[in-house]
Amino acid sequence: MFGDTEEGLKERIAATLADLGHAPRAVDLRRIPFSGAWGAATSVAKALAGQAAAAEVAAATAGLAKKEAKERAAAILSAKAQEIAATLAARLLAAGVADRVEAVNGYVNIYFDHTSVAARVLARVRAEGDDYGRGAPKGERVMVEFSQPNTHKAMHVGHLRNIALGNAMSAILARAGYEVLRANYLGDIGRHVIQCLWCYRAFHQGEEPPERKGRWLGEIYTESYARLHYREDVIGFINRLTSEDEAFRLAADRMLKELWRKKTASGEDIAYLLGQLSNGKGEFDLNKLHDPGCVADLWPIIGAQLREEVQPTRAQGPLADKEVAQRYLDEWADLDRHADWWVPAGRWEEEVRATFQEWERKDPEFMALWERTRAWSLDEFHRIYDQLGVGFDVWFYESAVEEEGRRMVGELLERGIAEVSEGLPVVKIDEKLGLEQERYRVLPILRSDGTTLYATKDLALTREKFERYHVDRAVWVIDVRQSLYMQQIFKILELWGFEQARHCHHLGYEMVTLQGAAISSRKGTGVLYEDVAAEALRRARGVIEEKNPEMPPEQKGRVAAQVGVGALLYGMLDRDNNKVLVFDFDEALSLQGQSAPYIQYAHARACRILERAGALPEGEQDFSDLTDHEVNLIEQIALLPEEVQRAAREYKPLLIATYAYSLAVRVNDFYENCRVLDAPEPRRGARLVLVDAARRALAASLGLLGIAAPEAM
RNA sequence: GCCCGCGUAGCUCAGGGGACAGAGCAUCCGCCUUCUAAGCGGACGGUCGCAGGUUCGAAUCCUGCCGCGGGUACCA
């Protein structure tokens, strides 16, 4: 907290306490929490008071009621603490520890000499320049894997949280002194890709748009999901309907008579349907029908019944709850738009499996299609990374680790780490670790049909990280829901003998939701990154036009991008990663208050002062008679190096996000209260040096968050 | 069932043993002849989910309970 002086200070306090006859005990040090007061405080006196006054307290409170006794004890202890603090403070002062040492409230406050500490801090910032805050090299190589988008799917704002966290974490670790490798791992194969390509070939071959093909592919994926789940959705709908709508149940008999007249359904199926539609249990199961096709004929009859419930034409019908019926009618209409899917849907799953086989046997035609469409997605991803200013050192692809994954499964089986259970290779982790209670459970590492799982590839890939990239520590930025899975992977790697596995870390984050509903690219309920970013840039541009119309148009565009994207990124970083983030468009795009633009603005203001001032003054400046505004700012600037270390240690970019904001608050406070350019010398020179240091600290902390620091806004 | 996370101002969130619990948004009032007002000052607003415990001291640590979310062998 106070650099090299911290340990020394603690030792001197401890020695002084020993001198005063107190038993040895740990000495705490913290910052004095008052504005304008800069120094270290210790609460040892409070702790010592508890022991020193124990007997006195016991005597004074004997026989008193609990509440009274407590108040009495508190009074005695607080007086005792202040007494010890006062003695200690006097000794420290006499010993020349500092020019000002005071006992306040039982604390001992050791005040820094503003002038000399300010000079030291600002000299350090100036000497280190753009490297201010960089920690000494740790000699450890860390790989941070993040982003991991799936090709053939759209990028939505949920993915942005991952990118923002991973990018910031990488920057923080790098500045803290680690050698960092940023890795991306693209899901370019798997069920989702096969599904998308099946849908593309079956329904959209040759109709791709001239641009934004990646996005279009995402839409195809969403459609494939809807198609493949169509029957399930219909059955689910019927089950909910029959359990909730009594009028509907009572009409079952009439509806099935109508179906019977169509003569398409067998008597057995009619009987089954009648039972399911009228019993209200919601257990209708498609597999129990001889001919699922009859549901297609029943479907319009269901719709007619719901319309009848909403707007009765027959007087004698049972009374329906119109609100419920209307809700179901709306849902029916949604599903009815794709009524023609029902019959062919029966063979789609089969078609998808066949497509999977094409991949497995590397069918040339299929491979060509896969590569072509994959490139569409990759192009789009690269555009997004460029806009975000995110770069990667290593690109991994799921498609490239499948084979290695299979080999690895063989190896794990041979070594007895994995075993075949219930027809597939698994690792019984708890059993292998000899744990009595279930904790890591069982992880399947290959499907029973021999196709690979995510775990298959992940295990193989991680081994590659260790062996080929020689990383000492691997960090995964992934959804918290993978938390158990990640622990399983770490344990398996440990069982496998990888020492590095003990230092691996899962940087989990909670999901991004949309007013309660989870974002899902399967269901297409996401807010696409592209759309949000476009709007963010548009709003930022609007503010620039208003505030700074003189700025050259080319610069306006650049700054709008820096501000808009910055606002989005900051919104992803300024809350704890294990808190659900409800994405609010206006809040995320806000350009005021606690936000990236606020911090960027403080930076731009500092830049403007420096620009107008010309060159920085050379030599030592006089930092005597600093105002509270200046002291508070310097104190915050001085904090950056340790905040970087803490953020790296705790895997918390949030710490930097909060730090940057408080720094900007202090810069603005300084700006409002302290004139620089028209201040008399030597004050002017000293303040210019301070502004320069503040500017560097702001730029550095924004950089750690992956956010640009424009010089003008 | 078991495991993990969350619960702090009207809303969104910081703070995770210490000195009066802090921001932003929202609402209201004030500040641009002075280095960019994307700013600044002020007002309003809190039994820190509940109950015990540990401690000189608990929003913070421990236990139990309540509420919400997530995970729990062939999804990723």
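Chain naming here is simple, since letters A, B, ... match the order of the sequence lines and numbering starts at 1 in each. Small disclaimer: the values here were computed from a predicted structure and weren't measured.
For the pair A/R161 and A/Y509, the NZ or CZ position fails the cation-pi test of under 6.0 Å to the six-membered ring centre and within 45 degrees of the ring normal.
Residue contacts for A/I544: at a heavy-atom cut-off of 4.0 Å it reaches a base atom on one of the strands shown. Residue-level contact check: A/A47 touches the bases, meaning some heavy atom is under 4.0 Å from a base atom. Nucleic acid contact for A/N109: base, since at least one base atom lies under 4.0 Å from a heavy atom of the residue. Across all strands shown, A/L424 has heavy atoms under 4.0 Å from base atoms, whether or not it also approaches the sugar-phosphate.
Pair check for B/rC56 finds B/rG18; Watson-Crick or G-U wobble, both atom distances under 3.5 Å. For B/rC50, the paired nucleotide is B/rG64, the pair qualifying as Watson-Crick or G-U wobble because both relevant distances are below 3.5 Å. Under the Watson-Crick or G-U wobble criterion, with both distances below 3.5 Å, B/rA43 is paired with B/rU27.
A donor and an acceptor atom, one from each side chain of A/E630 and A/T627, are located under 3.5 Å apart. No side-chain N or O of A/N632 forms a donor-acceptor pair with one of A/D628 less than 3.5 Å apart. A/Q357 and A/R353 share no donor-acceptor pair across their side chains, judged by distance under 3.5 Å alone.
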Return the polar atom pairs (N/O with N/O) between nucleotides 68-72 of chain B and the protein under 3.5 Å, or none.
unit_1	atom_1	unit_2	atom_2	d
B/rU72	O2'	A/R441	NE	2.4
B/rU72	O2'	A/R441	NH1	2.5
B/rU72	O2'	A/R441	NH2	2.5

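Ranked by how close their nearest RNA chain B nucleotide is to the 5' end, A/S43 and A/D669 are led by A/S43. Looking at which nucleotide of RNA chain B each of A/V426 and A/H192 is closest to, the 5′-most match is held by A/V426.
A/Q487 CD: more than 12 foreign heavy atoms inside a 6.0 Å radius.
The base of B/rA23 does not come close enough to the side chain of A/S662 for any donor and acceptor atom to sit less than 3.5 Å apart. For B/rC74, its base sits under 3.5 Å from the side chain of A/S448 at one donor and acceptor pair at least.
Closest contact between the side chain of A/K428 and the listed nucleotides B/rC35, B/rA73, B/rA19 involves B/rA73.
Scanning residues 603-614 of chain A for heavy-atom distances under 4.0 Å to RNA chain B yields A/A604, A/R605, A/R608, A/I609, A/R612.
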Derivation and outcome, side chain to side chain donor-acceptor pair (under 3.5 Å), residues A/D458 and A/Y485: CA-CA 11 Å; A/D458 220 357; A/Y485 166 76; 2.9 Å; yes
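Per the geometry, OH belonging to A/Y661 stands 15 Å off P belonging to B/rG22, to the nearest Å.
Contact check on A/K652 versus A/D576 returns a salt bridge, with a Lys/Arg side-chain nitrogen under 4.0 Å from an Asp/Glu carboxylate oxygen.
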